[in-house]
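Here the structure comes first, spelled out in structure tokens, and everything after it is commentary.
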Amino acid sequence: MATDLRDRMRRFVDFINSNDEIVGKEVVSESAVFHVPFSDTPRKGLAGYMEILAMMRGGYPDIHWSLEETVIEGDKVVAQFTIRGTHGGEFFGIPASGRRIETMAMNLYRFTDGKIVEERGLPDLFGMMIQIGAIKPPGPQ
């Protein structure tokens, strides 16, 4: 099962990097629930995940996720991603800065029948905001 879930995660990365809904249908259950750090309301199904991708691509049109590590236990996958992109559009109200970002996300997924049915996304939004100049980093400048 671990090999299958690693393969499914690789296919999921193909989906998020391509924004291809056909690939998304292969790996995301229509009943999936996506818990996001910027809202109390989870997103649902493939349409909900497409909203998340649109928000990220709106701020970082060239965004790219690299899957660095996975830990699998039963039907759950913990995935560490590196996220890279250029701040080319508004992101959480911050106008485009043109700055490059490189940060990480640590996400927890639950699978049923080879499809994602739940995600708890934990991108390093604080690190992103520092890198685009929206937040002043702590310490001496």
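For clarity, every value in this text was computed on a predicted model and none was experimentally measured. Just so you know, residue 1 is the first one in the sequence shown, and it goes up from there.
Taking both residues in full, the closest heavy atoms of Gly88 and Ala96 are given as C-CB, 3.3 Å, listed atom of the first, atom of the second, then distance. Nearest heavy-atom pair, Pro123 versus Ala105, reported as atom, atom and distance to 0.1 Å: CA-CB, 3.7 Å. In plain terms, the two heavy atoms of Pro42 and Val33 that are nearest each other are CB-CG1, 3.5 Å. Closest of all the heavy-atom pairs between His64 and Ser66 is CD2-OG, 3.6 Å. The heavy-atom pair separating Gly74 from Leu5 by the smallest distance is O-CD1, 3.4 Å. Looking at every heavy atom in both residues, Gly121 comes nearest to Pro37 through O-CD, 3.4 Å.
The shortest side-chain heavy-atom distance between Met104 and Gln80 falls under the 4.5 Å cut-off.
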Can you check side-chain contact (heavy atoms from CB on, under 4.5 Å) on Met128 and Asp124, steps first, answer last? CA-CA 6 Å; Met128 284 180 154; Asp124 181 10; 5.9 Å; no
Checking side-chain contact (heavy atoms from CB on, under 4.5 Å) for the pair Arg8/Tyr109: CA distance, chi angles, key distance, verdict? CA-CA 11 Å; Arg8 301 313 296 160; Tyr109 299 90; over 6 Å; no
Can you check side-chain contact (heavy atoms from CB on, under 4.5 Å) on Tyr60 and Ile83, steps first, answer last? CA-CA 10 Å; Tyr60 304 94; Ile83 304 168; over 6 Å; no
Please step through side-chain contact (heavy atoms from CB on, under 4.5 Å) for the pair Leu125 and Phe92, ending with a clear verdict. CA-CA 10 Å; Leu125 294 176; Phe92 288 110; 4.0 Å; yes
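Counting non-hydrogen atoms of other residues, nucleotides and ligands closer than 6.0 Å to NZ of Lys44 gives a total of 12 or fewer.
At distances below 3.5 Å, at least one donor-acceptor pair connects side-chain atoms of Lys115 with backbone N or O atoms of Lys25. A distance-only check finds a donor-acceptor pair linking the side chain of Asn107 to the backbone of Leu122 [under 3.5 Å]. A side-chain donor-acceptor contact under 3.5 Å links Ser29 to the backbone of Ser31. Side-chain atoms of Gln131 come within 3.5 Å of backbone atoms of Glu102 as a donor-acceptor pair (strictly under, hydrogens ignored). No donor-acceptor pair closer than 3.5 Å links the side chain of Arg110 to the backbone N or O of Glu118.
If you run side-chain hydrogen bond (donor to acceptor under 3.5 Å, both in side chains) between Asp62 and each of His87, Arg84, Arg57, Arg100, only Arg100 comes through.
One hydrophobic cluster, built from ILVMFWY side chains closer than 4.5 Å, cannot hold both Met129 and Met106; they sit in different ones. Using a 4.5 Å cut-off between side-chain heavy atoms of Ile, Leu, Val, Met, Phe, Trp and Tyr, with links allowed through other members, Met50 and Val13 fall into the same hydrophobic cluster. There is a path of hydrophobic side-chain contacts, each under 4.5 Å, that joins Phe38 to Trp65. No continuous path of hydrophobic side-chain contacts links Val78 to Phe34 [ILVMFWY only; heavy atoms under 4.5 Å]. Transitive grouping of hydrophobic side chains (ILVMFWY, heavy atoms separated by less than 4.5 Å) brings Ile94 and Val36 into a common cluster.
Atoms CZ and CG, from Arg43 and Leu53 in turn, are 12.0 Å apart once rounded to the nearest 0.5 Å. One distance of note links CD1 of Ile63 with CD1 of Ile101; it measures 5.5 Å at 0.5 Å rounding. Between atom NZ of residue Lys76 and atom CG of residue Leu108 there is a gap of 7.0 Å, rounded to the nearest 0.5 Å. Distance check: Phe15 CZ to Met9 CE gives 12.0 Å after rounding to the nearest 0.5 Å. Of the inter-residue distances, the one linking Met55 atom CE with Phe91 atom CZ reads 5.5 Å to the nearest 0.5 angstrom.
Aromatic rings of Phe111 and Phe12 (six-membered ring for Trp) have centroids beyond the 6.0 Å cut-off, not under it.
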